[in-house]
2 protein chains.
Amino acid sequence: MKTDYLDIIRKAGLRATPQRIAICEYLIDTDSHPTANDIYMKLKDRFPSLSLATIYNTLDVMVGMGYVNALGSIGDDTVHFDGNTSPHINLACTKCHTIIDLKSELVAQLDSEIDQISGYRVLGARVLYYGICPQCQSTN
Amino acid sequence: MKTDYLDIIRKAGLRATPQRIAICEYLIDTDSHPTANDIYMKLKDRFPSLSLATIYNTLDVMVGMGYVNALGSIGDDTVHFDGNTSPHINLACTKCHTIIDLKSELVAQLDSEIDQISGYRVLGARVLYYGICPQCQSTN
DNA sequence: TTTTGTGCAAACGTTTTGCAATTAT
DNA sequence: ATAATTGCAAAACGTTTGCACAAAA
């Protein structure tokens with residue numbers, strides 16, 4: 001089943017421009033955890049005139065709507081985004097700047113715990129552990 | 001029981017300067033989640049010549065050693081730090097830029113889950129949910 | 001036709017860097 | 001004495017903003 005990007009964009013109160021569709025498509029289909037610049041570089045072939053401003057703009061709205069999580073920087077001073085909002089752990093290596101996903105039933109429990117007791121309108125989560133990955137540990 | 005700041009700093013391989021002691025002291029005693037600038041403003045009375053560079057410098061090392069967690073930005077474009085590395089949830093309001101702590105047994109379980117299965121040398125965690133706090137929801 | 005979005009370039013603010021003077025060990 | 005740290009100023013970098021043009025509804 002394919003996600004309906006048009007629907008997501010419209011639900012966010014935005015007009016469905018080709019750029020936005022492409023950004024959402026990339027974010028939600030990838031299992032990488034791209035920065036704004038990653039998305040920019042990935043899409044500039046298809047949209048030569050695409051600007052970073054548009055990407056940041058779209059990203060902000062998506063995060064504000066809860067369709068995308070903002071994970072923050074992982075030692076590279078740029079914000080990484082996560083189009084996968086299902087409950088999981090993000091594991092980041094601060095050396096090679098890679099983020100992997102870990103399924104965890106505990107995160108799902110965490111989500112509902114917060115929903116029930118916090119009183120917050122929760123927009124997103126940042127369940128991220130950072131450290132040195134096995135590969136970078138041996139590469140020293 | 002008082003935390004031994006000298007010890008923490010020395011374990012990090014750093015010289016125990018008054019500035020560093022003050023930074024650690026503030027970070028670990030407070031239950032706020034300060035930015036570098038928060039710390040700067042808090043300490044500049046006692047250390048008129050203190051510079052932000054020193055704060056960022058010290059912070060980086062503390063995070064790298066796992067004594068402080070870097071939570072990232074919460075909509076205010078500045079990184080917030082958490083001197084409390086015991087397992088808990090951080091709940092951030094992206095409107096008033098406040099972070100509160102929530103005790104959670106689930107996070108402790110999460111911590112050990114990661115330790116056991118990941119193979120990473122874990123340096124820190126960022127268990128943070130963001131959204132709109134009850135107060136900001138009504139203030140609209 | 002009206003309103004919203006795009007893209008560019010310039011601005012902004014946080015964080016980093018280089019270096020001389022200072023300080024901990 | 002020696003090597004690390006500070007603080008300053010300037011630079012760097014990611015991100016945001018303002019505005020004229022273009023495009024979606």
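First the proteins, then the strands, lettered A, B, ... as listed; each starts at 1.
- The two residues B:Y26 and B:S32 make their nearest non-hydrogen contact at OH-OG, 3.9 Å.
- Shown here for A:V107 and B:Y129, the closest heavy-atom pair between the two residues is O-OH, 4.0 Å.
- Applying side chain to side chain contact (heavy atoms under 4.5 Å, CB included) to A:F81 and the options A:V63, A:L71, A:T35 leaves one that passes, A:V63.
- Rounded to whole angstrom, the span from the CD1 atom of B:I23 across to the P atom of D:dT5 amounts to 12 Å.
- Atoms CG (A:L43) and P (C:dG7) sit 11 Å apart, rounded to a whole Å.
- In this structure, CD on A:E25 lies 8.5 Å from CG on A:L43, to the nearest 0.5 angstrom.
- Between B:I39 atom CD1 and D:dT6 atom P the separation is 14 Å, expressed in whole Å.
- The shortest heavy-atom contact between A:Q137 and A:I132 is NE2-O, 3.0 Å.
- Under 4.0 angstrom from either OP1 or OP2 of C:dG7 there lies at least one side-chain N or O belonging to A:T54.
- We find that A:K11 and A:D7 are joined by a salt bridge, their nearest charged nitrogen and carboxylate oxygen being less than 4.0 Å apart.
- Nucleotide C:dT14 holds its C1' atom 13 Å from the CG atom of B:D38, rounded to whole Å.
- Along DNA chain D, the nucleotide nearest to B:G13 and the one nearest to B:P48 differ in position, and the one closer to the 5' end is contacted by B:G13.
- As rounded to whole Å, 11 Å separates atom C1' of C:dA24 from atom CD1 of B:I21.
- Distances shorter than 4.0 Å separate none of the side-chain N or O atoms of B:Q19 from OP1 or OP2 on C:dT23.
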Side chains of residues 82-89 of chain A: which donor-acceptor partners sit under 3.5 Å, not counting sequence neighbours?
{"unit_1": "A:D82", "atom_1": "OD1", "unit_2": "A:N84", "atom_2": "N", "d": "2.9"}
{"unit_1": "A:D82", "atom_1": "OD2", "unit_2": "A:H88", "atom_2": "NE2", "d": "2.9"}
{"unit_1": "A:N84", "atom_1": "OD1", "unit_2": "A:S86", "atom_2": "N", "d": "3.0"}
{"unit_1": "A:N84", "atom_1": "OD1", "unit_2": "A:S86", "atom_2": "OG", "d": "2.7"}
{"unit_1": "A:H88", "atom_1": "ND1", "unit_2": "A:S86", "atom_2": "O", "d": "2.6"}
{"unit_1": "A:H88", "atom_1": "NE2", "unit_2": "A:N90", "atom_2": "OD1", "d": "3.2"}
{"unit_1": "A:H88", "atom_1": "NE2", "unit_2": "A:D101", "atom_2": "OD1", "d": "3.4"}

*Give the B/S/- string for nucleotides 12-25 of chain D, one per nucleotide from 5' to 3', where a protein heavy atom under 4.0 Å of the base yields B, of only the sugar-phosphate yields S, and otherwise -.*
--SSBB------BS
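- For the contact set between residues 62-71 of chain A and DNA chain D, defined by any heavy atom under 4.0 Å, there are no members.
- Rounded to whole Å, the distance from CZ on B:R20 to C1' on D:dG7 is 13 Å.
- Side-chain N or O atoms of A:D111 include none that pairs as donor or acceptor with a backbone N or O of A:A108 at under 3.5 Å.
- With hydrophobic clusters built from ILVMFWY side chains whose heavy atoms lie under 4.5 angstrom apart, B:V127 shares a cluster with A:I117.
- A:F47 has its CZ atom 18 Å from the C1' atom of C:dC8, to the nearest Å.
- In this structure, B:Y40 places its OH atom 14 Å from C1' of C:dT14, rounding to the nearest Å.
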